[in-house]
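In the text below, chain A, chain B and the rest are named by the order of the sequence lines, each starting its count at 1.
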Amino acid sequence: MSALTQPQTGGYGVLVDLDKCIGCRACEVACQDWNGRRAVKTEFSPTFTNPPDLTANTWKVVFFYEGQAQKQIGSLSLSQISIAPVPYQCMHCLDPPCARACPVGAISVTKEGAVVIDKDLCIGCGYCQAACPYNVPRQGSDGKFYKCTLCVDRIQAGKAPACVEVCPTGVFTFGPIEQITSAARQEAAKGRTVYGLDLTDYIGRGTRWIYVASPDRQFAISQRFPGKPLRSLGVLKGVPKDRDRILSRACRRRLSRARPSGMAQGEIKRKTRGS
Amino acid sequence: MYQGIYDPIRDEYTTMRRSPRLRKPGEIDGLFSQAFGVYKDWGWSWPMNVRFMYNYDSLVKVLGTTYTFNAAGRTWTATGETGEILDEYTGEYRPAFVPGHNFFGGKSFKRRLSGVADVFGGLDVISFIRTGVPTFLGKFVVEENGSVKAVSYDEFAASTGMKYLWANDTLYWDQEALSLPAALKRPFFPGGNWASFAPNYATMRQKLRQYYQQTGDLVKAVLNTISDMGGWYKGYNFQWPIHTEPVESPVTDLALDYPTLAWLNPYNLEVLQGQPDGLGKYEVGVALTPSQLSQYPGVLVVMTSNRLTETWHTGQLSRNVPYLRELVPMPFVTISKRLAEQLGVSPGDLVTLYTARGSITLPAFVTDGEAYLTVDGQQVPVVNITWFGGFQGNAPAPAANFIIPDVGDVVTTIQESKAWMGKIAKA
Ligand code: SF4
Ligand code: SF4
Ligand code: SF4
């Protein structure tokens, strides 16, 4: 079993340089295409973000934020209205609360560091979504929960994630997490805003998707990620140690149906990949 | 139809190609295709099958190298993505954008330098597609011994050796255009000078203002001025750039001081009089002054239009791609927060845009980022309409083209789609 209560070391990460993002949303489409997700029927979106939030079929959504951009050119200080895009998906927390919350062990962390929901094990209870401080997992029409897989299938085949490969301006840098983290620290030292480092213990202090922005796009980070992630829902107090206590009766019923035969009552196997 | 979508020599629709192979070194864009993983024989893109716009130096900048290869019997050296075009001499493909082409000047400027004054001739593509028989229309105007004469297509092709000129729907450019003697040559038809035109211009403006004051009707004033002067901008020559207002200017004083050039074009003149051919029952016409829109409710605004990254042109092709439709399911109009408050409109509410050509209703995208113009001391809001849309396919929606003035630029004949006048109100 992977070390779910300790931040996992090793594996991969992605540095997201928001300054370079032109908001083309090629990443959003590439994600749907690679993962075989159906297009979502949408309406006009007054924020331009479309679909307006993550869905079970849209694991990556580019959010658009409007703010006041400050630019300093020599002694000249300029200020203008700017719309900044933020490509957004599962953050792949170093110690993912979603995996701790899952009562059937459907969520595992692969050795690549990808937090993956196994849809064959998922019973649709929604605990992962409630535990996730970023509100990432979304329920599909089959009742099960879906989210970004870090394209672990591609990584295992020696490729970068689909969104990383398709981005025309090189917003995403994909690489070993140590390199990504140290690159992010260097950007922070240059005075850029960084999100994804030194966060709360609840998520293992950091995420594998780390965002950086210069001062003129900093407003986008603070609008997308207000404050530090906290565990949000009271019902989840006690996760993960007391996992069984919080299972509702309905959940237990579904659990017993979902459990493969041959598994003893109370014994929940966590599926681990690549081990 | 875009130059390059159809290759008449090989009878191939390039947009329908589906080859999942990267080009090899030695081919046009071979290095580019390999290095950046671009599938250049899968479909086609405008212009000239270039997949990244303004990508003139990616090989040098990213790879630190140039790329030398043979095509159409010549050796070329590229610094970036070149795209391809049919060679007029050999009928083979040759690179379209190579250094010396793209850094040098516009195609019409170059063809003038190389001895062709203007091209009104070429293959009738539509009849060729229908019948397979090439017919050539029009004439080529060429320079000979300091004077200008018109020659037929065949004469032109025979004298220049451009046997496959017919395969392109216009003369694109030729080698001589890049030579030093050509570069030193002046363009054709230099015409008169500014000093001789200036008095005419002064009279034209004065007459226009005077007729407008007499009649209160700018259409009448334009027509009277044309008939008095024997033409609109008589004696003007495009060598001197001047400022003109758009056809539909919200500030009449400026429209009188800087009259539009559009009425130099006979088609535009028909539109001015509400009688162009071919538009049948549809509303046509232009509002030269805000008073011509007085029957409509709402606030007077300057309208402009723009494309979106998510949809290709009007979206004839891309609108039916479900993933792209998901991103922007319908056109919308961008308005400023201040204007939205004035109209009582919240983000996403429908607004109606009224013009002399009818009206369309679209949802509003409200932002602090949309401008107000200060025109002649007045604050005029700008609204920005996404240009795609149409009544067929997966995502039917009204297109901005319905309300864009049906007048074309006098040189390019491109619709005046960047600045026109209308009114906006909550729907
Ligand atoms: S962002 Fe949410 S879904 Fe993704 S790993 Fe963290 S807790 Fe799990
Ligand atoms: S890593 Fe893969 S699954 Fe995750 S957002 Fe990118 S494309 Fe989608
Ligand atoms: S593909 Fe790259 S530039 Fe385009 S929206 Fe995504 S991150 Fe931004």
Side-chain angles (χ1 to χ4, degrees), chain A residues 21-69 79-85 87 159-160 162-170 216 219, chain B residues 36-39 51-55 58 61-62 81 307-312 318-338 340 345-351 361-372 384-386 388-389 394-395 397-398 427:
Chain A
C21 180
I22 55 171
C24 69
R25 302 194 272 190
C27 52
E28 186 173 323
V29 173
C31 176
Q32 277 177 295
D33 190 16
W34 174 261
N35 293 298
R37 309 315 297 170
R38 285 233 298 279
V40 178
K41 189 133 179 67
T42 57
E43 300 290 315
F44 167 74
S45 162
T47 60
F48 204 65
T49 308
N50 223 351
D53 203 348
L54 298 173
T55 74
N57 278 313
T58 327
W59 300 348
K60 184 167 203 119
V61 167
V62 179
F63 283 81
F64 292 86
Y65 296 103
E66 183 166 331
Q68 194 85 23
S79 163
Q80 68 168 33
I81 301 295
S82 162
I83 292 183
K159 290 172 182 286
C163 56
V164 171
E165 185 172 313
V166 81
C167 174
T169 58
D216 61 336
F219 67 85
Chain B
F36 302 109
V38 180
Y39 297 87
R51 303 301 168 101
F52 289 83
M53 289 288 264
Y54 312 119
N55 182 7
S58 57
K61 282 271 173 353
V62 182
E81 185 182 13
R307 288 175 171 82
L308 285 180
T309 325
E310 289 81 358
T311 186
W312 194 73
S318 52
R319 231 165 44 224
N320 291 329
V321 177
Y323 287 144
L324 297 178
R325 188 198 51 194
E326 171 184 339
L327 299 176
V328 192
M330 63 181 303
F332 56 91
V333 53
T334 306
I335 67 175
S336 74
K337 252 180 213 157
R338 207 163 108 201
V345 163
S346 307
D349 284 357
L350 293 176
V351 290
T361 298
L362 295 173
F365 179 70
V366 179
T367 163
D368 264 330
E370 194 54 64
Y372 272 70
N384 189 344
I385 305 159
T386 53
F388 73 102
N394 259 343

As an exercise, state the distance from CD1 of A:I81 to CG of B:D368, rounded to the nearest 0.5 Å. 4.5 Å
Distance col, row A:S45:OG vs B:L327:CG, nearest 0.5 angstrom, shows 10.5 Å
Under 4.5 Å from a heavy atom of chain B, the part of A:E43 involved: backbone
Considering only heavy atoms from C-beta outward, does the side chain of A:T47 approach that of B:P347 to under 4.5 Å? no
Residue part contacting chain B, namely of A:E66, when any heavy atom lies under 4.5 Å: side chain
Per-residue tally against chain B (heavy atom, under 4.5 Å) across A:V29, A:T49, A:V40 peaks at A:V40
Measuring only between side-chain heavy atoms, which start at C-beta, is A:R25 closer than 4.5 Å to B:V328? yes
So B:F332 and A:F44, would you call those rings parallel, tilted or perpendicular, with 30° and 60° as cut-offs? tilted
Counting heavy-atom pairs under 4.5 angstrom with chain A, the leader among B:P322, B:G369, B:P329 is B:P329
Tell me whether B:Y39 at atom OH has more than 12 heavy atoms from other residues, nucleotides or ligands lying less than 6.0 Å away. no
Less than 4.5 Å to any heavy atom of chain B: does that hold for the side chain of A:I83, its backbone, both, or neither? side chain
How long is the gap from CZ on A:R37 to CD on B:E326, to the nearest 0.5 Å? 11.5 Å
